[in-house]
Amino acid sequence: NVDCVIVKDLSRFGRNCVETGNYIQKIFPFMNVRFIAVTEGIDTFDPEHTPDEMTINLKNLVNEMYAKDIAEKVRATKTAQRENGSFLGSVAPYGYEYAWVDNKRILKIEPESAAIVKDIFNLRLEGLNMKEIVEKLYERKIHTPICRLRTGHVYQQEGEKLVSWSRATVKCILTNVSYIGNTICSYTNEQKYKNRELHDVDKEDVEVYQRTHEAIISYDVFHQIAQSFEKSKIYCNRKGFQKCHPIDEDIYQDVIVCGDCGKKLSLIHI
């Protein structure tokens, strides 16, 4: 359905020299697709005004080297910001909100939702399981973290739909080190600057920054709760929430996928 591709320059089409060259020199000609890069004056249907393949390959190589250099600089800048105490996440953990202090974006306690976090930890200390805690939260008409972001309210207001918390969300809160004032750099990372697929970082290589913001829960309470989950290995996904992988081997790993998005499903303990 596409017979022509127009870009400002080659870097807008791609920064992987191999893949970009493959499209321009093989795939597009084979499919009779015209390619135009305005700045470089490239028009594959006008050979007289189009640079030779060597020139195009060199331009693509320069674009790729530039992308790699920028990726390294951005990664170094983010590392320095984290070490300086800045929070770079897109969504603040439930119980916190963003605040700018000395040109740093840090986490600041949001009193109303922070009180709910304390209640969840206290209920767990009292011996309630995930299902019982969920029931308590629903009885008190407390919005889930996502609904709170959408409505701006911690408690259900007139006309708002009340959604029940999931046991997984409760466990995410109970295992999130943000509540003792620590920040985890990342539990996932990209293999290369041009490979956007995320992979798990080895547990020993995870970077944790201590006392980056005010804690909601004391370390002793958090440690006591963590002991109740000692049978599971705790990891974190790229959105900043916790996920628990069972010790037992998951025989369905890489086999079961979501019927809607096609992503692989993983087994978790609730």
Side-chain angles (χ1 to χ4, degrees), residues 74-75 77-121 130 133-134 137-138 141-157 160-190 196-201 206-217 222 225 234-245 258 260-261 263 265-266 268 270:
V74 169
R75 188 177 295 108
T77 299
K78 288 185 176 181
T79 298
Q81 290 176 331
R82 291 190 184 98
E83 292 175 348
N84 196 33
S86 296
F87 180 77
L88 305 182
S90 57
V91 179
Y94 185 77
Y96 288 100
E97 60 185 357
Y98 298 127
W100 287 92
V101 178
D102 297 331
N103 294 323
K104 295 189 300 183
R105 191 178 71 157
I106 65 172
L107 293 177
K108 179 183 177 183
I109 291 179
E110 196 285 305
E112 193 172 16
S113 56
I116 305 302
V117 173
K118 292 180 180 179
D119 290 342
I120 292 175
F121 275 86
M130 303 299 108
I133 295 176
V134 166
L137 295 172
Y138 190 81
K141 297 184 177 181
I142 298 173
H143 276 310
T144 64
I146 293 179
C147 290
R148 174 184 170 272
L149 288 175
R150 292 173 179 171
T151 64
H153 303 134
V154 174
Y155 292 89
Q156 180 190 26
Q157 304 295 314
E160 295 176 350
K161 181 180 178 180
L162 182 62
V163 178
S164 177
W165 287 56
S166 69
R167 289 173 289 181
T169 301
V170 173
K171 192 169 186 179
C172 285
I173 290 178
L174 293 171
T175 56
N176 194 334
V177 298
S178 298
Y179 297 120
I180 56 175
N182 296 343
T183 298
I184 293 178
C185 176
S186 180
Y187 270 115
T188 57
N189 201 357
E190 295 170 1
R196 313 310 294 181
E197 184 177 352
L198 296 177
H199 65 94
D200 287 339
V201 176
V206 173
E207 297 181 0
V208 180
Y209 300 95
Q210 307 285 340
R211 303 180 183 88
T212 57
H213 52 273
E214 186 178 355
I216 296 177
I217 304 299
F222 186 85
I225 296 296
I234 307 303
Y235 296 93
C236 178
N237 64 20
R238 65 192 179 101
K239 294 183 179 180
F241 297 108
Q242 303 295 329
K243 60 180 181 180
C244 306
H245 289 264
C258 175
D260 294 326
C261 67
K263 291 185 178 180
L265 302 183
S266 58
I268 63 173
I270 303 299

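Count residues from 1 along the sequence. These numbers were taken from a predicted model, which means no experiment stands behind them.
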Lys104, NZ: over 12 other non-hydrogen atoms inside 6.0 angstrom: yes
Test side chain to side chain contact (heavy atoms under 4.5 Å, CB included) applied to Arg105 - qualifying residues, sequence neighbours left out: Phe87, Tyr98, Trp100
Residues that Ile146 engages under side chain to side chain contact (heavy atoms under 4.5 Å, CB included), provided they are two or more places apart: Thr144, Arg150
Sequence-distant partners of Ser166, side chain to side chain donor-acceptor pair (under 3.5 Å), two or more places apart: Thr169
Criterion side-chain contact (heavy atoms from CB on, under 4.5 Å) on Phe222 and Val177, from CA distance to verdict: CA-CA 8 Å; Phe222 186 85; Val177 298; 4.0 Å; yes
By side chain to side chain contact (heavy atoms under 4.5 Å, CB included) - contacts of Thr212 (at least two apart): Thr183, Tyr209
Gap between atom CD of Glu97 and atom CD of Glu110 - 0.5 Å precision: 5.5 Å
Gln156: side chain to side chain donor-acceptor pair (under 3.5 Å) partners, not counting sequence neighbours: none
Verdict with reasoning, Leu137 to Ile116, per side-chain contact (heavy atoms from CB on, under 4.5 Å): CA-CA 9 Å; Leu137 295 172; Ile116 305 302; 4.1 Å; yes
Minimum-distance pair of heavy atoms, taken over all atoms of Ala215 and Ile109: O-CD1, 3.7 Å
Heavy-atom pair with the smallest gap, counting every atom of Ser178 and Tyr96: O-OH, 3.2 Å
Side-chain touch Leu149/Tyr94, heavy atoms, less than 4.5 angstrom: no
Non-neighbouring partners of Tyr138 that pass side chain to side chain contact (heavy atoms under 4.5 Å, CB included), sequence neighbours left out: Leu162, Ser164
Separation between CD of Glu214 and OH of Tyr179, rounded to the nearest 0.5 Å: 14.0 Å
Closest non-hydrogen atom pair, Ala92 against Leu107: CB-CD2, 3.9 Å
Heavy-atom closest pair, residues Val117 and Gly95: CG2-CA, 4.3 Å
Contact summary for Trp165 and Pro145, nearest pair of heavy atoms: CH2-CD, 3.7 Å
Non-neighbouring partners of Glu160 that pass side chain to side chain donor-acceptor pair (under 3.5 Å), sequence neighbours left out: His143, His153
Identified side chain to side chain contact (heavy atoms under 4.5 Å, CB included) partner of Ile120 from the options Val134, Ile173, Ile217: Ile173
Check ion pair Glu112-Arg148 (N to O, under 4.0 angstrom): no
